[in-house]
K.L.:
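Sharing a structure, written as structure tokens. Questions coming.
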Amino acid sequence: MFEGIEFLNKEFFWLFLLLPLAVVWYLFKYKKQTAELKISSLKGFKTGNSILPKLKHFLFVLRLLVLALLITALARPRTVDVSTKTKTTRGIDIVMAIDVSASMLAKDLKPNRLEALKQVAAQFIKERPNDRIGLVEYAGESYTKTPITSDKAIVLRSLESINYNTVIEGGTAIGMGLATSVNRLKDSKAISKIIILLTDGVNNSGFIDPKIASELAVEYGIKTYTIGIGTNGMALTPMGILPNGNLQYGRAQVEIDEELLKEIAEVTGGKYFRATNNKKLAEIYDEINKLEKTEIEEFKYYNYEEKYRPLVLLAGMLLLFELLLRFTIFRSFV
């Protein structure tokens with residue numbers, strides 16, 4: 001990027017203080033050298049209209065201009081063309097395991113837990129341009145929604161399409177969700193591999209024990225951040241389906257197996273969080289974003305172009321011009 005002109009030796013600008021001193025010296029010398037003759041009348045003299053005597057001050061102006069140009073040249077003006085190149089030195093592969101059970105439609109987060117999560121997760125994905133991200137859905141069973149990819153547009157579209165459905169078996173199979181996520185990351189060549197597992201319930205389905213899945217994560221060097229989502233106390237939660245197909249809501253106690261989630265996080269080297277509202281959920285993803293930073297090297301290349309040569313050349317030309325005038329046209333006046 002072009003960043004304009006810079007001066008390498010700015011201290012030479014102090015020499016500009018010599019210019020007003022030179023003006024004072026010139027005026028003093030001019031008055032001292034100017035002879036005065038007092039006469040009663042000029043009738044006997046013919047006076048010409050030549051302006052050359054008045055223009056002789058132009059020679060001094062040229063000298064000042066030459067001095068100013070030389071001082072500027074001494075300050076070493078130059079232009080700087082800076083180009084940058086970035087290189088990702090430590091990429092991170094991330095799998096986001098998302099609970100899509102019916103309880104994720106509870107309205108203690110706005111508009112509900114699942115939609116609140118999608119909004120925050122989308123922002124998280126946008127802030128990870130150098131990492132590969134995949135999505136896993138789980139309820140009573142689990143499957144890969146999106147394999148890990150660097151194409152954020154695909155991941156964001158997949159995230160937006162996540163909705164509660166009756167195709168996946170009901171329940172909350174935390175062990176299955178974690179195991180599927182581990183399976184997505186186990187062959188990854190990334191230096192850092194993490195899982196962000198979110199749930200709003202307790203492990204009550206699936207044929208894989210969450211502790212076994214945690215051991216698999218440790219074996220493959222995968223760190224797991226766990227998030228329990230849901231307010232403390234009662235929440236407006238789906239209780240059944242009405243004849244018209246709409247969900248019937250009722251107030252139910254929020255139950256999250258925090259001990260299990262804490263254990264998974266601790267064993268794998270991650271951290272457990274509790275999101276009781278939209279703001280807290282956003283803060284959690286922001287903290288994870290800060291904890292897991294991708295290392296990036298930035299190389300800057302500087303191309304300097306010196307600009308003092310034209311100034312010196314111009315100063316030399318003006319000095320020659322001044323000398324030429326001094327010893328030709330103004331020879332009789334200096």
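Computed from a prediction, not measured in an experiment: that's the story for all the values here. Because only heavy atoms are used, hydrogens play no part in the values below, and waters and symmetry mates are left out as well, while side chains stay in.
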K.L.:
Is there side-chain contact between Ile162 and Glu137, with heavy atoms separated by less than 4.5 Å?
P.N.:
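A side-chain contact exists here, since the closest heavy-atom pair is under 4.5 Å.
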K.L.:
May I have the list of side-chain donor-acceptor pairs in residues 150-157 shorter than 3.5 Å, sequence neighbours left out?
P.N.:
unit_1 : atom_1 : unit_2 : atom_2 : d
Asp151 : OD1    : Ala153 : N      : 3.1
Asp151 : OD1    : Ile154 : N      : 3.4
Lys152 : NZ     : Arg128 : O      : 3.3
Lys152 : NZ     : Asp131 : O      : 2.4
Lys152 : NZ     : Ser150 : O      : 3.3

K.L.:
If a pair satisfies ring pair (Phe, Tyr, Trp, His ring centres under 6.0 Å) and one of its residues is in residues 219-247, list it, with sequence neighbours excluded.
P.N.:
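Qualifying pairs: none.
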K.L.:
Show every ring pair (Phe, Tyr, Trp, His ring centres under 6.0 Å) that has at least one partner inside residues 238-292, sequence neighbours left out.
P.N.:
Phe124-Tyr285
K.L.:
Can you find a pair of side-chain heavy atoms, one from Ile264 and one from Pro210, that are under 4.5 Å apart?
P.N.:
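Yes; the side chains approach each other to less than 4.5 Å.
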K.L.:
Any chance you could pull the hydrophobic cluster mates of Met176, using side-chain heavy atoms under 4.5 angstrom and chaining through other members?
P.N.:
Phe207, Ile208
K.L.:
Name the residue from Lys223, Lys193, Lys271 that meets the salt bridge (charged side-chain N to carboxylate O under 4.0 Å, His left out) definition with Glu292.
P.N.:
Lys223
K.L.:
Contact between Glu306 and Arg78 at the side-chain level, heavy atoms closer than 4.5 Å - yes or no?
P.N.:
yes
K.L.:
Find out whether Ser101 and Asp200 are in side-chain contact, i.e. whether some heavy atom of one side chain is under 4.5 Å from a heavy atom of the other.
P.N.:
yes
K.L.:
Can you find a pair of side-chain heavy atoms, one from Arg184 and one from Thr144, that are under 4.5 Å apart?
P.N.:
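Side-chain contact under 4.5 Å: yes.
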K.L.:
Below 30° counts as parallel, above 60° as perpendicular, anything between as tilted: where do the rings of Tyr26 and Phe60 land?
P.N.:
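If you compare the ring of Tyr26 with that of Phe60, the planes turn out parallel.
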K.L.:
Is there a side-chain contact between Leu198 and Leu117 in this structure, where contact means two heavy atoms from C-beta onward sitting under 4.5 Å apart?
P.N.:
yes
K.L.:
Evaluate the side-chain proximity of Tyr138 to Asp99: yes if any heavy-atom separation is below 4.5 Å, no if none is.
P.N.:
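Answer yes - side chains close enough.
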K.L.:
Hey, what else clusters with Leu313 if you join Ile, Leu, Val, Met, Phe, Trp, Tyr whenever side-chain heavy atoms sit under 4.5 Å?
P.N.:
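Members besides Leu313, by chain and number: Met317.
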K.L.:
Quick one: closest heavy-atom pair of Ala265 and Thr226, and the distance?
P.N.:
CB-OG1, 3.7 Å
K.L.:
Give every donor-acceptor pair under 3.5 Å between a side-chain atom in residues 7-23 and any protein atom, sequence neighbours left out.
P.N.:
unit_1 : atom_1 : unit_2 : atom_2 : d
Lys10  : NZ     : Phe7   : O      : 3.1

K.L.:
Heavy-atom distance under 4.5 Å between the side chains of Leu319 and Glu322, does that happen here?
P.N.:
yes
